[in-house]
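See below for the structure under consideration.
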Protein chains: 2
Amino acid sequence: MPPQRPQYRRPTLFDSCFVARLNRYLDLTPSERDAITQLERDPKNYAAGTTLWTEGDDVSELLIVHQGWALSETRLTGGKRQILRFHFSGDLIGASGIAFRDAPASIVAATDMVVCRFPRMALGETFIAHPRLAALFFSISQMESIDLSDRLRAMGRSEGKARLANLFLSIAARMRAVTGEHNPVVRIPLTQSDLGDAVGLTQVHVNRLIRQMTEEKLITRNRSTVTLLDEQGLVDLSRFVDRFSSVDSSWFPPAAG
Amino acid sequence: MPPQRPQYRRPTLFDSCFVARLNRYLDLTPSERDAITQLERDPKNYAAGTTLWTEGDDVSELLIVHQGWALSETRLTGGKRQILRFHFSGDLIGASGIAFRDAPASIVAATDMVVCRFPRMALGETFIAHPRLAALFFSISQMESIDLSDRLRAMGRSEGKARLANLFLSIAARMRAVTGEHNPVVRIPLTQSDLGDAVGLTQVHVNRLIRQMTEEKLITRNRSTVTLLDEQGLVDLSRFVDRFSSVDSSWFPPAAG
DNA sequence: CGTTAGATTGAGCACGCTCAAAATAAGTGG
DNA sequence: CCACTTATTTTGAGCGTGCTCAATCTAACG
């Protein structure tokens, strides 16, 4: 291979979506990219509906999502379900469980998926060899907190319509941060029950709210796509703030190797 | 100073509550303890009601709480307030904001406080010198996610009484993890408005629920103390799971220095 | 073409909200 | 130490969002 200009990087087949995502935040060195690629050997397929692990399981692995959607969910009194987060391409799953023995939530495939599993032990090695990656992992896992805070804010004391608006906007923002394109049509492969369990409403009520929002020309929804017709209207309704565009790396240590 | 047996550590005046907390999870080496102590120079006092920073501020610091309570809160449509987390002795505040430029939530002192501020830059240095501390910081910040998940679960689709039960239990669990003692009387310096804003209920409704719970002999509350009379009853009501007892350090890199 | 998961619609109910006023407790200055 | 102000709690009355239960309708898929 001919020598390349140092700043130029072109995605190849070997680029995983996770490397791609990290690289959006940071100019990864070759050795850093290698380290990450090591974590992503052995991708596996899972069918929609598969439970990757269950709340309370002793999980010693982390997951990187290559394709598809997964849900973090927990069960409430009376068998009700609370969906905590959605995970898609480029996401790291399980960071929040790393601090404890037991998984705080179940992970369920919402669509067919391609996923890499790696032992959390490997993370320790990465922390030694690549302090800058440690910092990046730290930051990325913080986004999880932010996302949860935002969901919490939406659920706190806002009416149903605002909750849904917030959910749609936050999913769209995360998708857009991954794809780079700003499309009003967002693929959201979730049922009305899923949406309800995410924002704390019944499926029936979600149905009625979606109809209302459709009448008000805020959104359209069929099957697994939601179209944001009046994005400003949705923002006004839900006070949504997009935070997923960039990462502050000013405090990061320098790259190793 | 005469040489000590290596495993023996006795708390001294120089032990900060943060060192103390980290040391509960991990057997810190002297150099690790020094590194942390460096972060905790210059403690400052803040009166109850002081806003340490406001949602959206460009914050370049992290906080370590020595004494007192602080709240993370954000404003919703209509001026309503959502309290996201409570912070007390030994807590690290601001980790979740480190990934982005702007603070995702305001920090307000709920009582008089003693707090140390240190620049996030210092965290980068710690990540290089002490990979094991990096891993520990990573884990501790994950507890934040867990805590938020738990609050989310409680708010999702459970009735008011269960939300309050969950809140009381989770605060008690965190306090107990710090103090080490298991006392049914828990000091919670929050008003009914605060409680309501934390669990997504109005102050008026909180009042009524507390009265009900008192009649059912679940709790007692006056001013700033809550007594958990029937802890099992509260657990049954809210499906609370205590996760704050220990940290899984099996994946941590070895100590440096 | 039958089966099943998901969406739609209706009727009645209740939990929690709003508005409002009074009572109690906690601070503050003379 | 009392009079005053301010924060917090308590209680009431009426209303509405969102729930439950239940039935029907639609779309997907083997």
Side-chain angles (χ1 to χ4, degrees), chain A residues 47-50 69 71 76-83 108-112 154-165 167 188-216 219-226 237-238, chain B residues 47-49 71 76-83 108-112 154-165 167 188-216 219-226 237-238:
Chain A
T50 309
W69 278 53
L71 313 176
L76 318 169
T77 327
K80 287 169 183 170
R81 177 179 65 151
Q82 174 65 44
I83 294 179
V108 179
T111 67
D112 291 347
M155 303 228 336
R157 259 162 65 199
S158 47
E159 53 172 7
K161 223 183 284 181
R163 298 191 198 183
L164 279 175
L167 182 66
I188 302 184
L190 302 174
T191 65
Q192 291 181 348
S193 297
D194 293 334
L195 296 174
D197 288 343
V199 298
L201 300 170
T202 50
Q203 174 269 128
V204 174
H205 201 60
V206 166
N207 181 289
R208 294 187 167 119
L209 291 174
I210 287 181
R211 181 161 49 71
Q212 283 182 43
M213 293 170 84
T214 306
E215 284 165 4
E216 294 165 15
I219 60 164
T220 305
R221 171 174 187 271
N222 25 6
R223 286 273 115 208
S224 57
T225 61
V226 172
L237 198 58
S238 67
Chain B
L71 313 176
L76 317 169
T77 329
K80 287 168 185 172
R81 176 179 66 151
Q82 175 65 43
I83 294 179
V108 179
T111 67
D112 291 348
M155 303 228 336
R157 260 165 59 203
S158 47
E159 52 172 7
K161 223 183 285 182
R163 298 191 198 183
L164 280 176
L167 182 66
I188 302 184
L190 302 173
T191 65
Q192 293 181 348
S193 297
D194 293 334
L195 295 174
D197 288 343
V199 298
L201 299 170
T202 50
Q203 174 270 127
V204 174
H205 202 60
V206 167
N207 181 287
R208 293 186 168 120
L209 291 175
I210 287 181
R211 182 161 48 72
Q212 282 181 44
M213 293 170 84
T214 305
E215 284 164 7
E216 294 165 14
I219 60 163
T220 305
R221 171 177 186 271
N222 27 7
R223 285 276 112 206
S224 58
T225 61
V226 173
L237 198 58
S238 67

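Reminder, nothing fancy here: chain letters follow the sequence lines and each chain counts from 1.
One can place NE2 of B:His205 at 18 Å from P of D:dG16, the figure rounded to the nearest angstrom. A straight line from CE of B:Met155 to P of C:dC15 spans 19 Å, rounded to a whole angstrom. For the pair B:Leu201 CG and D:dG18 C1', the interatomic distance rounds to 14 Å; values are reported in whole Å. Atom CG in A:Asn222 sits about 14 Å away from atom C1' in C:dG6, given to the nearest Å. Atom NZ of B:Lys161 and atom C1' of C:dC15 are 11 Å apart (whole Å). What separates CD of A:Gln212 from P of D:dG18 is a distance of 9 Å, to the nearest Å. In this entry the distance linking CG of B:Leu164 with P of C:dC15 reads 15 Å, nearest Å.
Between A:Thr202 and D:dC19, a side-chain N or O to OP1/OP2 separation shorter than 4.0 Å is present. Of the side-chain N and O atoms in A:Lys80, one or more sit less than 4.0 angstrom from OP1 or OP2 of D:dT20.
In terms of the side-chain contact (heavy atoms from CB on, under 4.5 Å) criterion, residue partners of A:Val204 (sequence neighbours excluded) are, by chain and number, A:Thr202, A:Arg208. Residues passing the side-chain contact (heavy atoms from CB on, under 4.5 Å) test with A:Val108, sequence neighbours excluded: A:Thr51, A:Glu73. Partners of B:Asp194 by side-chain hydrogen bond (donor to acceptor under 3.5 Å, both in side chains), not counting sequence neighbours, listed by chain and number: B:Arg81, B:Thr191. Remark: A:Arg211 pairs with A:Glu215 by the salt bridge (charged side-chain N to carboxylate O under 4.0 Å, His left out) rule, at least two apart or across chains. Applying the side-chain hydrogen bond (donor to acceptor under 3.5 Å, both in side chains) criterion to A:Thr214, with sequence neighbours excluded, gives no partner residue.
A:Thr111 places a side-chain N or O within donor-acceptor distance of the main-chain N or O of A:Trp69, the cut-off being under 3.5 Å. No side-chain donor-acceptor contact under 3.5 Å links A:Asp112 to the backbone of A:Ala47.
Contact detail for B:Ala48 and B:Ala110: the closest heavy-atom pair is CB-O, 3.9 Å.
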Using atom names, set out every protein N or O paired with an N or O of nucleotides 8-11 of chain D below 3.5 Å, distance rounded to 0.1 Å.
| from | atom 1 | to | atom 2 | distance (Å) |
| --- | --- | --- | --- | --- |
| D:dT9 | OP1 | B:Arg221 | NH1 | 3.4 |
| D:dT9 | OP1 | B:Arg221 | NH2 | 2.9 |
| D:dT9 | OP2 | B:Gln192 | N | 2.8 |
| D:dT10 | OP2 | B:Gln192 | NE2 | 2.6 |
| D:dT10 | OP2 | B:Asn207 | ND2 | 2.6 |
| D:dT10 | O5' | B:Asn207 | ND2 | 3.3 |
| D:dT11 | OP2 | B:Arg211 | NE | 3.3 |

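In summary, of the residues considered (A:His205, A:Gln82, A:Arg163), a side-chain contact (heavy atoms from CB on, under 4.5 Å) with A:Val199 occurs for A:Arg163 alone.
The C1' atoms of five pairs define one axis at each end of the helix from C:dC1-D:dG30 to C:dG30-D:dC1, and these two axes lie 50° apart (to 10°).
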